[in-house]
Amino acid sequence: MTTVSFDEFERSMWSGRAEIFSDSVATLCAHTAPDLLDAAAGDGDLSGLRLLDVGAGSGTVARLADARGARVTGVDAEPSMVELAAKRVPGAEFRQAILPVLPFPDATFDATVANFVINHVGDPVAAAAEMRRVTRPGGRVAVTIWPHPKPVAQRLWDEIFDAAGAVRPADMPRVDPAVDFARDQAGLAGLLSGAGLIEASAVEVCWTLRIHADQWWAGPAAGIGLTGLILTSQDEATVTRIRREFTQRTAPYRGPDGVLAVPTAAVLARGTVPS
Ligand SMILES: C[S@@+](CC[C@H](N)C(=O)[O-])C[C@H]1O[C@@H](n2cnc3c(N)ncnc32)[C@H](O)[C@@H]1O
């Protein structure tokens with residue numbers, strides 16, 4: 001499968017799914033927002049910072065940055081995300097843009113962030129270079145991704161699918177190996193330094209995801225992510241088995257209120273545009 005079809009999958013996968021994303025997977029993504037902004041700001045002070053939030057989704061990072069005094073511009077490839085984010089964060093400006101092309105002149109922003117977006121782009125190398133291009137000399141680029149090997153929360157889905165006998169679609173979208181990177185600290189820092197950023201470094205961020213079991217099910221059930229692609233490709237009997245396995249295998253993490261507490265992790269990297 002080519003890079004183009006990876007991006008085509010992404011466009012159709014997110015299409016019209018802003019609300020369901022916001023009610024489900026956005027909870028998972030939200031944890032890293034403060035650390036991501038700290039990494040972008042350098043000294044932690046965001047006031048007056050011209051910040052670009054790429055792949056802004058339903059506006060979690062933009063809202064926090066706006067509350068911390070940044071002058072926020074958000075972009076997303078998916079129109080329903082742009083609409084929802086604009087409603088949520090009236091203090092920021094949002095428009096549609098699709099990595100690896102950002103419709104801004106060179107050096108427009110003091111800092112550029114992307115929270116769990118580089119992992120949704122068919123050409124991450126070009127995307128990182130574009131984020132660098134729109135950031136001013138001395139400014140920072142900061143990004144997060146999900147690591148491999150997968151943390152417990154994400155690995156659970158693989159265990160559930162395997163136990164239910166779910167067959168993965170033969171044509172799972174994949175990034176072209178020529179532009180791919182290792183989904184770990186060295187790989188993500190290397191992606192940023194390869195884009196010409198200096199002092200590139202990465203850390204692992206670990207936390208306990210707290211989300212209601214129904215919300216954790218709802219994102220993939222609505223087709224979000226590769227997990228959603230696998231789930232929605234199954235026949236009815238297999239989906240029933242998956243749901244049963246989901247209930248059983250999430251039980252050790254579930255409180256009496258139905259809220260799961262599951263360990264998860266991300267990789268956060270940042271780099272500086274040379275002066
Ligand atoms: C996992 S969500 C993260 C959203 C948000 N950053 C957050 O932390 O909640 C990924 C977002 O990236 C957007 N996206 C995917 N590919 C993109 C691309 N090539 N250019 C811009 N946005 C993209 C999706 O539409 C989606 O809103």
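None of the values given here were measured: they were computed from a predicted structure. Start at 1 and go down the list; that is how both ligands and their atoms are numbered.
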For atom CD of Q185, decide whether the heavy atoms of other residues, nucleotides or ligands shown that lie under 6.0 angstrom number more than 12.
-> yes
Return the protein residues near ligand 1 (heavy atom under 4.0 Å from any of its atoms), ordered by chain and residue number.
-> R11, W14, F21, C29, G55, A56, G57, T60, D76, A77, E78, M81, A97, I98, L99, N115, F116, V117, H120, V121
Could you note down all residue pairs passing ring pair (Phe, Tyr, Trp, His ring centres under 6.0 Å) where residues 125-149 supplies at least one of them, sequence neighbours left out?
-> F116-W146
Between E204 and A265, what is the shortest heavy-atom contact and its length?
-> OE2-CB, 3.8 Å
Sequence neighbours excluded - ring pair (Phe, Tyr, Trp, His ring centres under 6.0 Å) pairs with any residue from residues 186-208 | H31-W207
Applying side chain to side chain contact (heavy atoms under 4.5 Å, CB included) to Q215 and not counting sequence neighbours gives T27, I211, H212
Residue that, paired with N115, satisfies side-chain hydrogen bond (donor to acceptor under 3.5 Å, both in side chains) out of T60, T144, D35 = T144
